[in-house]
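All values reported here derive from a predicted model rather than from experimental measurement.
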Amino acid sequence: MKQKFNIITSTCVPLPLENIDTDQIIPARFLKATTRDEKFFGDNLFRDWRYNPDGSLNMDFVLNNPKYKGEILVAGKNFGSGSSREHAAWAIAGYGFRIVISSFFADIHKNNELNNFVLPVVVSESFLQELIKSIYANPKTEVEVNLPEQTVTNKATGRSERFEINAYKKHCLMNGLDDIDFLLSNKDKIEAWENKNKSR
């Protein structure tokens with residue numbers, strides 16, 4: 001979903017497992033779907049962890065715990081490893097997460113998140129562990145992610161860190177633009193350059 005980013009303050013869902021791969025985020029059997037419907041993929045985010053084999057809810061899994069909710073997923077190191085399926089980013093966005101915080105993302109998955117209006121925020125391992133501890137101590141703990149300033153703040157402790165983001169992707173997120181929208185917004189400039197260089 002195309003949404004402009006600025007400053008987002010939200011409670012968080014903690015999932016402090018390392019090496020969460022894309023097959024865990026969205027199992028391979030859902031890749032055969034002919035829909036791009038966000039709700040379909042969101043409903044099946046972490047499907048094999050959210051549900052028991054008989055289809056009942058796994059109440060031990062964090063997404064089924066009513067204490068934890070919000071627009072921010074806080075995950076362990078090496079999030080989104082494995083195959084490059086973009087469906088994983090669709091599922092994260094479809095569930096309603098706008099931000100994923102981790103100490104390391106697999107590169108392809110990180111770009112897939114950015115392309116689907118999910119902001120991957122890379123923090124130090126010490127910041128991540130402190131944040132997880134704060135969330136478990138108080139599920140109402142809020143985190144502020146300031147995209148213009150590129151800062152993330154644990155409001156329980158006041159600790160902040162700066163995160164990096166590609167300048168082009170930052171511009172697109174802040175203006176709610178995908179790659180096609182960006183090209184169209186520069187249509188006049190592109191046509192002027194082409195006209196100028198026709199005679200060369």
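Each of F30, F41, F40 was checked for a ring-ring contact (aromatic ring centres under 6.0 Å, His included) with W90, and the lone residue meeting it is F41. The side-chain contact (heavy atoms from CB on, under 4.5 Å) test with V145 singles out one residue from V121, T151, T153, and that residue is V121.
Annotation for I108: atom CD1 does not count as buried by contact number, only 12 or fewer foreign heavy atoms lying within 6.0 Å. The neighbour count for N138 CG, taken as heavy atoms of other residues, nucleotides or ligands under 6.0 Å away, is above 12. Within a 6.0 Å radius of CD in E149, no more than 12 heavy atoms belonging to other residues, nucleotides or ligands are found. No more than 12 heavy atoms of other residues, nucleotides or ligands lie within 6.0 Å of NZ in K133, so this atom counts as exposed by the packing criterion.
For the residue pair S103 / E125, a side-chain donor-acceptor distance below 3.5 Å is found, with atom types taken as modelled. Using modelled atom types and a 3.5 Å distance limit, the side chains of R159 and S126 yield a donor-acceptor pair.
Separating the CG atom in N146 from the OG atom in S160 is a distance of 9.5 Å, to the nearest 0.5 Å. In this structure, the separation between CG on L15 and CD1 on I101 is 13.0 Å, given to the nearest 0.5 Å. Taking NZ from K140 and OG1 from T11, the interatomic distance works out to 10.0 Å, rounded to the nearest 0.5 Å. Rounded to the nearest 0.5 angstrom, Q150 CD and R162 CZ are separated by 4.5 Å. Between the NZ atom of K4 and the CG atom of N175 there is a distance of 6.0 Å, given to the nearest 0.5 Å. For the atom pair I25 CD1 and S81 OG, the distance stands at 7.5 Å (nearest 0.5 Å).
Although no hydrogens or angles enter the test, the distance criterion places a donor-acceptor pair under 3.5 Å between the side chain of Q24 and the main chain of D21. Distance alone, capped at 3.5 Å, is enough to place a donor-acceptor pair between the N52 side chain and the L57 backbone. Remark: side-chain polar atoms of D54 are paired, donor with acceptor, to backbone N or O of S56 under 3.5 angstrom. Of the possible polar contacts, none joining the N19 side chain to the N78 backbone as a donor-acceptor pair under 3.5 Å is found.
Residues L131 and V123 are not in side-chain contact: their nearest non-hydrogen atoms beyond the backbone lie 4.5 Å or more apart. Considering only heavy atoms from C-beta on, L173 comes within 4.5 Å of F117 through its side chain. Counting only heavy atoms from C-beta outward, the side chains of L45 and F97 approach each other to under 4.5 Å. At least one side-chain heavy atom of L147 sits less than 4.5 Å from a side-chain heavy atom of I165. Within the 4.5 Å cutoff, no side-chain heavy atoms of P120 are placed close to those of F79. Taking the side chain as every heavy atom from C-beta outward, R85 and D23 approach each other to under 4.5 Å. Looking only at side-chain heavy atoms (C-beta outward), E71 and I99 stay at 4.5 Å or farther from each other. Side chains of L177 and K2 form no contact here, defined as non-hydrogen atoms less than 4.5 Å apart.
Linking ILVMFWY side-chain heavy atoms closer than 4.5 Å, directly or via other members, places I132 and I72 in a single hydrophobic cluster. The hydrophobic clustering, which links ILVMFWY residues whose side-chain heavy atoms are closer than 4.5 Å, places F61 and Y51 apart. Put simply, F105 and F163 are part of the same group of oily side chains (I, L, V, M, F, W, Y) that touch within less than 4.5 Å, one to the next. In terms of hydrophobic clustering, with Ile, Leu, Val, Met, Phe, Trp and Tyr side chains grouped at heavy-atom distances under 4.5 Å, Y68 and V143 are assigned to a common cluster. L119 is not connected to I7 by any chain of hydrophobic side-chain contacts under 4.5 Å among Ile, Leu, Val, Met, Phe, Trp and Tyr, and they are in different clusters.
Nearest heavy-atom pair, M174 versus P148, reported as atom, atom and distance to 0.1 Å: CE-CG, 3.5 Å. A pairwise comparison of heavy atoms in R50 and N44 identifies NH1-N, 4.0 Å as the closest pair. Summarising the geometry of T141 relative to S134, their closest heavy-atom pair is OG1-O, 3.1 Å, with the distance given to 0.1 Å. Scanning both residues, L128 and S102, for their nearest heavy atoms gives CD1-CA, 4.2 Å. Considering all non-hydrogen atoms of both residues, T22 and G80 come closest at CG2-O, 3.8 Å. Heavy-atom minimum distance, I26 versus H87: CG2-C, 3.7 Å.
Using bins of under 30°, 30° to 60° and over 60° for the plane-to-plane angle, the ring pair W49/F46 lands in the parallel bin.
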Query raised in the report: How far apart are the C-alpha atoms of N112 and E86, what are their side-chain angles, what is the distance that settles it, and do they pass the side chain to side chain contact (heavy atoms under 4.5 Å, CB included) test?
Result: CA-CA 6 Å; N112 285 340; E86 190 174 10; 4.1 Å; yes
Requested in this report: Could you please spell out the steps behind the side chain to side chain contact (heavy atoms under 4.5 Å, CB included) verdict for H109 and I92?
Outcome: CA-CA 11 Å; H109 179 74; I92 292 167; 3.7 Å; yes
Report task. Please lay out, stage by stage, how V122 and K110 fare under the test side chain to side chain contact (heavy atoms under 4.5 Å, CB included). Result -> CA-CA 10 Å; V122 180; K110 183 179 180 181; 4.0 Å; yes
